[in-house]
Amino acid sequence: MEKFLRFIDRVSDWTGKLASFLMAGLVVAICYDVFMRYVFNRPTYWAFEVTYMVYGAYSMLGVAYCHLLNSHVRMDLIYAKLSARGKAWMDVICYLLLFFPFLLVLTYKCGEHTLWALQSGERSSVSVWRPELGPFKLAITFGFVLFFLQGVVNFIRVLAVAMRGGRQ
């Protein structure tokens, strides 16, 4: 079991680190568009779509990595005052009532949209460039699946702490 947990951790780690390189492409695209727009008065027709697609993929591919590092924002008003075991029980309850139900629905619906986009060859209608949306939606769905799997790994770990005590 621990081997599977470490495997998901490694996949989340590598995916998050690789996704960070998308930022370099995003910066280049934005700088190029700004340069063309303000220096040559020739705005690009593709930059807006590239920026939302790259940033969306970056965000969703990095969310499991963020969860791996326990870097998401939390409300610490009550949580900070709890013992390690109390925090673990709070996490277990939140995973069961919030994380898993919402993420299952989001992943399922996103998967449906991705499948349809890939099968139908859906194209964007935001600009005249009209890129296919399937690969973008596939990256988003993969991010959700990886986020869900990382949540399962973290849930198993906090459940163990909640049941027997100790540290996370």
If you look at every heavy atom in Leu61 and Ala19, which pair is closest and at what distance? CB-CB, 3.7 Å

If I compare all heavy atoms of Arg164 with all of Arg85, which pair ends up nearest, and what's the gap? N-NH2, 4.3 Å

To check you understand the geometry: which heavy-atom pair defines the closest contact between Val63 and Met60, and what is its length? CG1-O, 3.3 Å

About how many Å separate CG of Asp91 and OH of Tyr79, when rounded to the nearest 0.5 Å? 3.5 Å

Could you work out, with salt bridge (Lys or Arg N to Asp or Glu O under 4.0 Å) as the rule, every residue matching Arg10, not counting sequence neighbours? none

Following the transitive rule for hydrophobic clusters with a side-chain heavy-atom cut-off under 4.5 Å over Ile, Leu, Val, Met, Phe, Trp and Tyr, establish whether Leu5 and Tyr65 coincide in one cluster. no

To which residues is Leu115 joined in a hydrophobic cluster, defined by side-chain heavy-atom contacts under 4.5 Å among Ile, Leu, Val, Met, Phe, Trp and Tyr, whether direct or through other members? none

Mark yes when over 12 heavy atoms from residues, nucleotides or ligands other than Phe144 sit less than 6.0 Å from its CZ; otherwise mark no. yes

The reported gap from CG in Asn154 to CG in Leu149 (rounded to nearest 0.5 angstrom) is 11.0 Å

State plainly whether one hydrophobic cluster holds both Leu146 and Leu18, where clusters connect Ile, Leu, Val, Met, Phe, Trp and Tyr through side-chain heavy atoms under 4.5 angstrom apart. no

Spacing of OH belonging to Tyr45 relative to CE belonging to Met36, to within rounding of 0.5 Å: 11.0 Å

Less than 6.0 angstrom separating the ring centers of Phe99 and His72, yes or no? no

When you group the ILVMFWY residues by side-chain heavy-atom contacts below 4.5 Å and let the links chain together, are Trp46 and Phe40 in the same group? yes

To the nearest 0.5 Å, how far apart are CZ in Phe147 and OG1 in Thr107? 9.0 Å

Does CD1 in Ile78 sit with more than 12 non-hydrogen atoms of other residues, nucleotides or ligands closer than 6.0 Å? no

Do Val126 and Leu133 belong to the same hydrophobic cluster, where Ile, Leu, Val, Met, Phe, Trp and Tyr are linked whenever their side-chain heavy atoms lie under 4.5 Å apart, directly or via other members? yes

Using side-chain heavy atoms (C-beta onward) and a distance below 4.5 Å, is Asp9 in contact with Arg157? yes

Just grab all the side-chain hydrogen bond (donor to acceptor under 3.5 Å, both in side chains) pairs involving residues 126-137, residues at least two apart or on different chains. Glu49-Ser127, Glu122-Lys137

Side chain to side chain, Ile93 and Met90, heavy atoms closer than 4.5 Å: no

Report the distance from atom OG1 of Thr114 to atom CG of Leu138, rounding to the nearest 0.5 Å. 6.0 Å

Using the rule that Ile, Leu, Val, Met, Phe, Trp and Tyr join whenever any side-chain heavy atoms are under 4.5 Å apart, tell me whether Leu104 and Leu106 fall into a single cluster. yes

Where do Val158 and Val92 come nearest, in terms of heavy atoms and distance? CG2-CG2, 4.0 Å

Shortest non-hydrogen contact between Val50 and Ala29, atoms and distance: CG1-CB, 4.0 Å

Counting only heavy atoms not in Met163, do more than 12 fall under 6.0 Å of its CE? no

Side-chain donor/acceptor of Thr51 to backbone N/O of Phe48, under 3.5 Å: yes

Flag the pair Ser12 / Ile8 as yes when at least one side-chain heavy-atom distance between them is below 4.5 Å, and no otherwise. yes

Roughly how far apart are Ser124 OG and Tyr52 OH, rounded to 0.5 Å? 3.5 Å

Does Lys17 come within less than 4.0 Å of Asp13, counting only side-chain N to carboxylate O? yes

Work out which heavy atom in Tyr32 is nearest to a heavy atom in Thr44; give both atom names and the distance. CE2-CG2, 3.6 Å

